[in-house]
Amino acid sequence: MQEWQKHLSNSVVKVEDLPFLPDSIEYRERLQKVADIYPIRINSYFLNQIKSENDPMWKQVVPTLDELDDILEEESLLVSDPLNEEGDMPVPELVHRYPDRVLLMVNNQCPIICRFCTRKRKIGFPGIVTRETLRQGIEYIRSHPEIRDVILSGGDPLLVPDKELNRILSELRSIDHLEIIRIGTRVPGTLPQRVTPELCNILKKYHPLYFNMHFNHPDEITPEVENACNMLADTGIPLGSQTVLLKGVNDDSKVMKALMQKLLRIRVKPYYIYQADMASGTNHFRTNVQKGLDIISDLQGHTSGMGVPYYVIDAPGGGGKVRLLPNTVIEHNEKEVIIKNYEGKIFRYPQPTKSSSEKNRLSNEEINSNTDTCQIAV
Ligand SMILES: *Cc1c(COP(=O)(O)O)cnc(C)c1O
């Protein structure tokens with residue numbers, strides 16, 4: 001057994017094994033109800049990163065009674081499939097929402113189970129993704145020439161065994177119109193030992209291959225994680241990171257800035273910050289949208305532009321990602337644009353006036369259109 005497999009098989013999956021569990025029997029019984037609905041998984045590498053109760057690592061993976069809030073609340077707006085992914089699946093486990101790219105779920109197991117997961121409805125339960133759903137997904141891509149980009153997701157694609165992952169990637173690469181393959185994964189940050197030389201040897205056969213990883217807090221970037229990202233970057237894979245804005249974990253400009261700067265140091269380009277989705281059982285992680293805008297304002301101009309990700313809301317019901325920007329345009333008209341810089345200073349940018357050749361061309365067009373009118377009149 002490899003080291004990463006040991007970490008996985010030593011995962012905490014039961015309430016009684018949770019770190020910093022209160023003694024109260026009543027509390028444990030109530031927490032068991034949460035775990036019956038939403039499974040627990042904390043692999044032993046990640047468990048070691050938890051230093052105290054309620055720290056950012058603890059909050060991401062340890063269930064709390066808050067997860068039952070919206071079951072108790074009658075008028076909850078939260079739903080099991082907030083992005084209506086199931087409604088955009090032409091074949092099982094493949095989401096085709098945008099014109100030229102699809103998301104393919106290749107398994108539904110993860111190195112840790114995040115309490116705020118947008119796919120809380122299906123993560124950790126066996127038997128959802130099968131060889132047959134995978135076959136249908138790949139066939140769908142093969143028969144749709146407009147698809148030039150596939151995102152492998154799940155679950156976590158890197159928990160698929162090497163041989164199987166190699167088979168999936170090679171089948172995808174046999175499709176001529178498929179230009180790029182992306183892997184959406186939380187493995188490098190939560191089970192870095194999974195990034196082995198053997199894995200890298202497989203991945204490098206299938207370029208152009210991109211990684212969209214998932215990091216939420218600067219403390220996730222340990223020496224082991226740095227090593228895993230180095231191996232992947234040296235394999236020639238462009239590395240990107242996605243972050244979920246989470247109350248009590250990273251809803252703070254200083255924390256976000258530290259995260260983005262640390263990511264750049266390990267050759268990872270911050271790509272998205274997501275506003276938390278409206279998934280049942282995750283309400284306690286949601287922040288006000290103004291918080292996200294404030295964080296972008298505190299990053300933009302204050303640190304490397306490369307470290308400023310796009311802040312997006314994935315529109316409830318399946319509208320796709322919509323980018324939100326803090327207001328920097330104060331006035332925009334034909335004559336000028338008035339803008340505000342990162343220090344709050346105001347600047348005026350005059351629009352170009354028409355050049356003389358443009359003016360000439362315009363007056364000629366006027367003459368022509370007059371002739372037209374005359375002709376019609378005749
Ligand atoms: C996020 C997402 C994508 C990829 O979006 P990009 O903006 O291209 O990164 C594709 N399909 C689905 C269903 C998604 O949710």
Side-chain angles (χ1 to χ4, degrees), residues 46 49-62 64 66 112 114-118 184 186 188-190 211-223 225-226 229 239-279 282-316 321-330 338-347:
F46 199 82
Q49 310 311 313
I50 298 175
K51 305 295 182 222
S52 62
E53 186 178 1
N54 276 321
D55 79 10
M57 307 296 150
W58 187 96
K59 282 188 176 153
Q60 292 187 66
V61 294
V62 176
T64 61
D66 294 335
I112 54 173
C114 305
R115 306 321 298 175
F116 51 86
C117 182
T118 188
R186 216 180 161 179
T190 62
F211 264 40
N212 287 345
M213 302 186 290
H214 178 168
F215 288 95
N216 295 326
H217 194 277
D219 291 353
E220 289 165 27
I221 302 169
T222 62
V225 169
E226 180 171 355
C229 289
L239 303 176
S241 168
Q242 321 194 105
T243 297
V244 185
L245 179 54
L246 299 167
K247 196 185 207 162
V249 174
N250 59 17
D251 58 337
D252 177 288
S253 295
K254 278 206 195 87
V255 171
M256 280 291 195
K257 194 166 159 187
L259 172 61
M260 302 312 158
Q261 291 174 343
K262 255 182 135 170
L263 285 170
L264 290 179
R265 282 179 57 171
I266 60 167
R267 294 190 273 173
V268 178
K269 164 81 183 79
Y271 180 37
Y272 281 134
I273 291 179
Y274 291 105
Q275 177 66 18
D277 290 332
M278 311 253 305
T282 69
N283 198 40
H284 53 298
F285 285 110
R286 296 207 298 143
T287 56
N288 192 288
V289 171
Q290 190 58 46
K291 178 49 85 181
L293 291 169
D294 289 347
I295 286 171
I296 298 299
S297 293
D298 289 339
L299 293 175
Q300 178 64 45
H302 297 274
T303 191
S304 316
M306 286 196 61
V308 186
Y310 302 132
Y311 171 49
V312 294
I313 298 183
D314 217 337
K321 298 174 182 73
V322 179
R323 193 174 166 196
L324 275 75
L325 284 164
N327 243 344
T328 50
V329 179
I330 291 168
I338 313 269
I339 50 177
K340 191 169 74 180
N341 83 349
Y342 74 102
E343 300 159 306
K345 291 185 185 150
I346 309 290
F347 297 84

Do M213 and Y271 pass the side chain to side chain contact (heavy atoms under 4.5 Å, CB included) test, and can you show the C-alpha distance, the side-chain angles, and the key distance before you say yes or no? CA-CA 9 Å; M213 302 186 290; Y271 180 37; over 6 Å; no
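- Counting only N and O atoms by type, the side chains of N341 and E343 include a donor and acceptor under 3.5 Å apart.
- Closest non-hydrogen pair, W58 versus S52, comes out as CB-O, 3.7 Å.
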Would you tabulate the side-chain donor-acceptor contacts of residues 302-310 under 3.5 Å, counting partners in other chains and residues two or more places apart, or write 'none'?
residue, atom, partner, partner atom, Å
T303, OG1, Q261, NE2, 2.9

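- Once rounded to the nearest 0.5 Å, the distance linking OH of Y274 with CG of L246 reads 13.0 Å.
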Which pairs of donor and acceptor atoms, one on a side chain in residues 251-259, lie under 3.5 Å apart (sequence neighbours left out)?
residue, atom, partner, partner atom, Å
D251, OD1, G248, N, 3.0
D252, OD1, K254, N, 2.9
D252, OD1, V255, N, 3.1
S253, OG, D298, OD2, 2.5

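- Panel note: side chain K262, backbone P218; a donor-acceptor pair is recorded below 3.5 Å.
- Contact annotation: the side chain of V244 approaches that of N216 to within less than 4.5 Å [non-hydrogen atoms, C-beta and beyond].
- The nearest pair of heavy atoms linking G240 to V268 is C-CG1, 3.7 Å.
- Between L324 and V322, the closest heavy-atom pair is CD1-O, 3.3 Å.
- Contact detail for P188 and V225: the closest heavy-atom pair is O-CG2, 3.5 Å.
- Between atom CD1 of residue I112 and atom NE2 of residue H214 there is a gap of 7.5 Å, rounded to the nearest 0.5 Å.
- N54 approaches K59 most closely through the heavy-atom pair O-CE, 3.5 Å.
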D55 vs I50, side chain to side chain contact (heavy atoms under 4.5 Å, CB included): CA-CA, chis, key distance, verdict: CA-CA 7 Å; D55 79 10; I50 298 175; 4.1 Å; yes
Working note: Y311 + I295, criterion side chain to side chain contact (heavy atoms under 4.5 Å, CB included); need CA distance, chi angles, decisive distance, verdict. CA-CA 9 Å; Y311 171 49; I295 286 171; over 6 Å; no
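- We find the CG-CZ distance between D277 and R286 to be 10.0 Å, quoted to the nearest 0.5 Å.
- A distance of 13.5 Å separates OH in Y342 from CG in L299, rounded to the nearest 0.5 Å.
- Remark: H284 NE2 to F116 CZ distance equals 10.5 Å, nearest 0.5 Å.
- The closest side-chain heavy-atom distance from D314 to Q275 is not below 4.5 Å.
- Around the NZ atom of K247, the shell of radius 6.0 Å holds no more than 12 heavy atoms that belong to other residues, nucleotides or ligands.
- The shortest distance between side-chain heavy atoms of Q49 and D219 does not fall below 4.5 Å.
- Inter-residue side-chain proximity for Y272 and N212 is flagged as unmet; no heavy-atom pair is nearer than 4.5 Å.
- Applying the side-chain hydrogen bond (donor to acceptor under 3.5 Å, both in side chains) test between Q60 and each of R115, E220, H217 identifies E220 as the sole match.
- To the nearest 0.5 angstrom, F211 atom CZ is 9.5 Å from C229 atom SG.
- When atom types are taken as modelled, the side chain of T243 and the backbone of I273 share no donor-acceptor pair closer than 3.5 angstrom.
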